[in-house]
Each structure stands twice: as C-alpha cells, then as structure tokens.
Amino acid sequence: MVLEDPSCTDSIIDDWQSLLPATLKKWGVEQKDLQSFFEDFRNNLLQNHEDEWVQRHVMYPGLQETLKDCKYPWYIVTSRAKHRTLKLVDALLDMQWPEDTPRLYSKMLPPNEKKIETLQQILNKPMVKEQNATVHFVDDRYETVKAVAAEPSLSPVRVYMADWGYSTQAEKEAAQDTKGVRLISLNEFQELLKWGIMMGVDDGCGDDN
C-alpha cells in the first residue's frame, strides 16, 4: 500500500479496519493467503539465509548489554514463534536457551488474552509469591497494556507502554491517560532492568501515578 502511495500512512493508521478489506478486494487476494506467503518467505529466509535473517533484526542501543547483565529474572512474552525467538536470543544476546526454557512464552495469539494468562502464571510462580516480588510488564502494543491494566487479577503487576516501539503518537498519548499504565522510555527500561527501579520515579525522588 505504501509502495503504491507513500502518503497513505496516516490513512492506514486512522482507517485500517475499513481500508484493509477494501485494499484486499482491489488486489483480488485473501488475507490468509498474504499471511501464508509472508510466513513461507520468513521461514525460507531463516532456513536458507540465516545470517541475512539475523541481520534484519537490530536491538535498540544499550539493550543487549543490559539484558545480558540483568540480575533479575526476566521473561520474553511474544507472538513470535518459539524457534525464531530462540534464534534471536542466541544471535543477539549470545544466550543459549533450551527449547523448554521457562523464560520464553511464544505464540501469544490473540495477544491480549494470552499475555494476561501468562502474567497470571508468572504471578503464581513460587519465587514471585514467596518473595513477594514485583512483576513488571512492558509492551509496545497499546491495546495489550490497556487490557492487562484493566484485568483485576493482575492488579499487582506494574504495566508499562514502551515509547520506543511500533506505537503511534496517538497511542502513546492514550497510554498516558490510561489508568494503571505508565509510558516508559528506553533509558528508564534499562534502569528498571539494572536496578529494579526507575530513577526519579520509584526511588522517592518523583511522583508515581
């Protein structure tokens, strides 16, 4: 769509629900066919050109070192397939996780429901319950953080909307106005991983919402 009309990005964001079926009809294709084509292309790239596939994934500045040095337990909760996620953990973090690692929750689709279920499981882990540990959830999808923040069983979880991900400016602004959600910068996220708190927010030097 962008190749056909580079100026259409605003309409894609504002009117995606009606624009998608209209565009598919104009092209004469089904959504499932495009999804299948993309999945096949991605799998072929991974299987036959792994180095090229890895190079297409670049971590945000400083995050690689912070994740590798993090002394707190952290988990990946993603809609991405397990085998692709493990490849990236290996290639980008130089961490070899086994297939059955408890630190990876993959194929989280639909994302809202599955991520809520996963967070409920994490809250019930002995190391969380017995040590009264704080669970922090960071995502760049506004609908997901809104759903998590609104789930009563997840009230102990601190919910953050990443301001460095794929979200739009309108979604960032909506997150700031959503009860139980805090907008978090990349630097603040790295502070959270390093210290377990965000300087100026959780250290008594700033106001929490």
Side-chain angles (χ1 to χ4, degrees), residues 1-50 52-61 63 75-88 92 104-119 137-151 154 157 159-186 188-189 209:
M1 294 168 65
V2 176
L3 290 175
E4 290 182 343
D5 179 11
S7 66
C8 75
T9 52
D10 287 341
S11 62
I12 289 176
I13 293 172
D14 296 336
D15 196 27
W16 178 247
Q17 294 303 319
S18 60
L19 189 60
L20 175 60
T23 303
L24 292 176
K25 183 177 181 180
K26 181 180 72 173
W27 289 348
V29 297
E30 298 287 338
Q31 183 173 346
K32 61 180 176 59
D33 296 328
L34 285 180
Q35 290 173 327
S36 178
F37 173 82
F38 178 66
E39 187 70 15
D40 290 344
F41 173 81
R42 187 164 52 181
N43 284 333
N44 177 67
L45 192 63
L46 175 57
Q47 292 167 10
N48 301 308
H49 307 279
E50 184 176 325
E52 180 184 347
W53 178 81
V54 169
Q55 289 171 5
R56 291 170 181 257
H57 298 80
V58 180
M59 298 198 72
Y60 289 94
L63 197 51
Y75 303 85
I76 296 176
V77 184
T78 178
S79 58
R80 190 187 297 270
K82 177 184 288 188
H83 69 285
R84 287 197 291 267
T85 307
L86 289 174
K87 285 281 187 184
L88 291 175
L92 300 180
L104 172 60
Y105 294 85
S106 58
K107 281 287 188 179
M108 295 285 103
L109 295 171
N112 294 4
E113 293 86 342
K114 289 297 184 181
K115 291 185 178 182
I116 286 174
E117 290 176 11
T118 298
L119 286 168
F137 175 70
V138 182
D139 204 301
D140 65 356
R141 187 173 185 271
Y142 173 62
E143 292 300 324
T144 297
V145 297
K146 182 172 70 171
V148 169
E151 171 56 43
L154 298 181
V157 177
V159 183
Y160 306 88
M161 170 85 167
D163 74 355
W164 68 90
Y166 291 108
S167 57
T168 65
Q169 184 58 37
E171 288 172 327
K172 293 180 178 69
E173 292 172 359
Q176 289 180 304
D177 294 331
T178 300
K179 183 179 180 180
V181 177
R182 175 182 289 280
L183 198 65
I184 186 173
S185 70
L186 181 58
E188 289 173 328
F189 181 49
N209 62 4

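Below, all heavy atoms of this structure are taken into account, side chains as well, without hydrogens, waters or symmetry copies.
A distance of 14.5 Å separates NZ in K172 from CG in D177, rounded to the nearest 0.5 Å. Taken to the nearest 0.5 Å, the CE atom of M161 stands 10.0 Å off from the CZ atom of R141. A distance of 6.0 Å separates CG in L92 from CE in M59, rounded to the nearest 0.5 Å. In this structure, the separation between CG on L45 and CG on D40 is 12.5 Å, given to the nearest 0.5 Å. The CG atom of L34 lies 8.0 Å from the CD atom of Q31; values are rounded to the nearest 0.5 Å. Interatomic distance, OG1 of T168 versus CD of E173, reported as 8.5 Å (0.5 Å rounding).
Annotation: Q17, atom CD; neighbour count of heavy atoms from other residues, nucleotides and ligands within 6.0 Å does not exceed 12. The environment of E117 atom CD is dense: over 12 non-hydrogen atoms of other residues, nucleotides or ligands sit within 6.0 angstrom.
A salt bridge is defined here as a Lys NZ or Arg NE, NH1 or NH2 lying under 4.0 Å from an Asp or Glu carboxylate O, and K115 with E143 fails to meet this definition.
Inter-residue side-chain proximity for N112 and K146 is flagged as unmet; no heavy-atom pair is nearer than 4.5 Å. Inter-residue side-chain proximity for V77 and L119 is flagged as unmet; no heavy-atom pair is nearer than 4.5 Å. By the 4.5 Å heavy-atom criterion applied to side chains, F189 and L63 are counted as neighbours.
Remark: the backbone N or O of W164 is paired with a side-chain donor or acceptor of Y60 at under 3.5 angstrom. Counting only distance, with no hydrogens or angles, the side chain of S36 and the backbone of K32 share no donor-acceptor pair below 3.5 Å. At distances below 3.5 Å, not a single donor-acceptor pair connects side-chain atoms of K107 with backbone N or O atoms of K82. Looking at D140, its side chain never comes within 3.5 Å of a backbone N or O of A162 through a donor-acceptor pair. Although no hydrogens or angles enter the test, the distance criterion places a donor-acceptor pair under 3.5 Å between the side chain of N43 and the main chain of E39.
Residues L183 and E188 share a closest heavy-atom pair of O-OE1, 3.9 Å. Taking each heavy atom of K114 and L109 in turn, the nearest pair found is CG-O, 3.4 Å. Considering all non-hydrogen atoms of both residues, A81 and S106 come closest at C-CB, 4.1 Å. Taking both residues in full, the closest heavy atoms of L186 and P61 are given as CD2-O, 3.7 Å, listed atom of the first, atom of the second, then distance. The two residues L3 and P6 have their closest heavy-atom pair at O-CD, 4.5 Å.
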Using the rule given for side chain to side chain contact (heavy atoms under 4.5 Å, CB included), can you reason through Y142 versus T178, listing the C-alpha separation, both sets of side-chain angles and the distance that settles it, and then say yes or no? CA-CA 10 Å; Y142 173 62; T178 300; 2.7 Å; yes
Run the numbers on E171 and Y166 for side chain to side chain contact (heavy atoms under 4.5 Å, CB included), then give the verdict. CA-CA 10 Å; E171 288 172 327; Y166 291 108; over 6 Å; no
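Between Y75 and Y105, the two ring planes are tilted [angle within 30° to 60°]. Aromatic ring pairs are classed by plane angle as parallel below 30°, tilted from 30° to 60° and perpendicular above 60°; the pair W53 and H57 is tilted.
Partner of D139 under the side chain to side chain contact (heavy atoms under 4.5 Å, CB included) criterion, chosen from V181, V159, T78, T144: T144.
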